[in-house]
Protein chains: 2
Amino acid sequence: MSGNSLDFPARLRAAGLRPTRQRVALARVLFEAGHRHVTAESLHAEVKASRMSVSLATVYNALNQFRDAGLLREVVVAPGRSYFDTNTGHHHHFYIEPDGELHDFPSEKVTIAGLPTPPKGTRLSRVDVIVRVRR
Amino acid sequence: MSGNSLDFPARLRAAGLRPTRQRVALARVLFEAGHRHVTAESLHAEVKASRMSVSLATVYNALNQFRDAGLLREVVVAPGRSYFDTNTGHHHHFYIEPDGELHDFPSEKVTIAGLPTPPKGTRLSRVDVIVRVRR
DNA sequence: GCAAGTTTTAGAATAGTTCTAATCTTCTTG
DNA sequence: CAAGAAGATTAGAACTATTCTAAAACTTGC
């Protein structure tokens with residue numbers, strides 16, 4: 001009932017990506033524990049600490065591919081830094097401004113009313129809510 | 001009843017900024033017409049087209065100072081690009097993903113219910129709502 | 001196990017932004 | 001309105017995050 005199995009090669013294949021050694025290593029770090037927020041740099045440092053080494057370029061490639069495949073969601077909270085969220089479900093974010101820390105909160109209880117309809121010729125892609133807090 | 005006068009030197013002084021020639025030129029481009037969204041590059045190109053030349057570094061400095069002084073609001077919608085919005089009132093944004101176009105919409109009719117309380121030791125700074133649409 | 005097509009990699013390249021230190025402006029005071 | 005002090009501007013270097021390049025190393029289907 002876990003929904004997401006720990007068979008990472010299979011998960012990658014299901015997403016249309018070849019299960020290369022480095023993609024599997026990255027998937028393991030990203031998805032084997034609970035939900036996470038990473039940047040390319042933080043993920044690179046983490047995987048380098050494990051014994052499988054992956055180049056930074058590959059980390060960037062993999063993050064973009066995982067996002068395009070729907071395995072990750074990109075969250076833009078500050079200029080010049082991209083976060084990737086392993087929680088692809090419907091939810092929103094707290095952003096703690098001074099530290100650059102990001103936290104999920106479930107969208108179940110959040111309701112947004114009165115949004116205008118999208119401009120002509122466009123359709124809704126996503127609604128991001130970012131609650132910015134400071135100390 | 002216009003609220004914002006066209007006396008840009010006075011407005012800058014009121015914001016605690018010296019009305020230098022380049023800041024006045026930038027303020028004029030930014031504030032003399034209706035609300036606008038600019039990037040550093042777009043503002044630089046625009047002001048260069050007028051006869052007053054301002055270096056790119058100064059455009060960056062001015063945008064950051066204007067934002068810190070509350071004259072502009074920074075909107076982060078895409079990684080690696082900062083938009084500045086001359087509308088500092090309470091409102092939200094449409095972001096048209098393929099073009100990178102940004103549009104305001106008023107927050108009057110928008111209500112958000114059920115937001116969780118900020119984590120301990122933090123206080124609310126702002127709630128950003130970005131409605132992402134695609135063609 | 002071998003080609004054919006992908007992926008990885010190190011390093012170069014790019015984009016956006018900030019920094020540096022010299023020069024120039026603006027403001028204050030007399 | 002002149003002089004000095006403080007602050008602002010500038011070109012270019014530097015920096016950060018990310019993407020590109022082209023060669024070498026994998027994966028896969030047969």
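Reckoned from all heavy atoms, side chains included, excluding hydrogens, waters and symmetry mates. Keep in mind that this is a model prediction, so the values were computed, not measured. A, B, ... follow the sequence lines: proteins, then strands. Residue 1 opens every chain.
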Charged N to carboxylate O below 4.0 Å: is that the case for R126(B) and E97(A)?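 No.
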Tell me whether R36(B) is salt-bridged to D85(B), with the criterion being a basic N under 4.0 Å from an acidic carboxylate O.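 The answer is no: the pair does not qualify as a salt bridge.
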Any luck finding a side-chain donor-acceptor pair between S125(B) and R134(A) under 3.5 Å?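 R134(A) and S125(B) do have a side-chain donor-acceptor pair below 3.5 Å.
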In the hydrophobic clustering (ILVMFWY, side-chain contacts below 4.5 Å, transitive), which residues join V76(B), or is it alone?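 Hydrophobic cluster check, V76(B): joined to V76(A).
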Between the protein and nucleotides 25-30 of chain C, are there any N/O to N/O pairs under 3.5 Å, and if so, what are the atom names and distances?
unit_1, atom_1, unit_2, atom_2, d
dT26(C), O2, R18(B), NH1, 3.4

Degree of bending, the helix from dG1(C)-dC30(D) to dG30(C)-dC1(D) (end axes from five pairs; round to 10°):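 End axes: 40° apart.
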For [X], ring-ring contact (aromatic ring centres under 6.0 Å, His included) partners two or more places apart:
X	value
H93(A)	H37(A), H91(A)
H90(A)	H92(A)
Y60(B)	none

Write down the atom of E41(B), the atom of L56(B), and the distance for their closest heavy-atom approach.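 Here E41(B) and L56(B) meet closest at OE2-CD2, 3.8 Å.
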Could you identify which residues of residues 75-86 of chain A place a heavy atom less than 4.0 Å from some atom of DNA chain D, listed by residue number, or say none?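 Within residues 75-86 of chain A, the residues near DNA chain D are G80(A), R81(A), S82(A).
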Covered region of DNA chain D, 5' end to 3' end, by chain A [heavy atoms, under 4.0 Å]: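 Taking any atom under 4.0 Å from a heavy atom of chain A, the span is dA17(D) to dT28(D).
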Sequence neighbours left out, what passes side chain to side chain contact (heavy atoms under 4.5 Å, CB included) with S82(B)? Give chain and number order.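 Testing S82(B) for side chain to side chain contact (heavy atoms under 4.5 Å, CB included), a comparison that skips the adjacent residues, returns P79(A), E74(B), F84(B).
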Of all residues at least two apart in sequence or in a different chain, which pass the side chain to side chain contact (heavy atoms under 4.5 Å, CB included) check with A69(A)?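 A69(A) satisfies side chain to side chain contact (heavy atoms under 4.5 Å, CB included) with A15(A), L17(A) once adjacent residues are dropped.
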Contact residues, residues 54-67 of chain A to DNA chain C [heavy atom, < 4.0 Å]: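 Contacts with DNA chain C under 4.0 Å: V54(A), S55(A), A57(A), T58(A), N61(A).
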Could you see if F105(B) belongs to whatever hydrophobic cluster contains I112(A)? Use Ile, Leu, Val, Met, Phe, Trp, Tyr and a side-chain cutoff under 4.5 Å.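 In one cluster: yes.
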Could you go through the side-chain contact (heavy atoms from CB on, under 4.5 Å) check for T86(A) and L72(A) one step at a time? CA-CA 5 Å; T86(A) 61; L72(A) 290 176; 3.8 Å; yes
For the residue pair R132(B) and F94(B), would you count it as a cation-pi contact if the rule is NZ or CZ under 6.0 angstrom from the ring centre and within 45 degrees of the ring axis?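 Not satisfied by the 6.0 Å and 45° rule.
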Set of residues satisfying salt bridge (Lys or Arg N to Asp or Glu O under 4.0 Å) with respect to E101(B), sequence neighbours excluded: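 Per chain and number, E101(B) pairs via salt bridge (Lys or Arg N to Asp or Glu O under 4.0 Å) with no residue.
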Using modelled atom types only, decide if a donor and an acceptor are shared between the side chain of R123(B) and the backbone of R135(A) within a distance under 3.5 Å.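 Not at all, since once roles are kept as given, no pair shorter than 3.5 Å links the two residues.
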Earlier contact from the 5' end, DNA chain C, for A40(B) and R23(A):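 Of the two residues, R23(A) wins.
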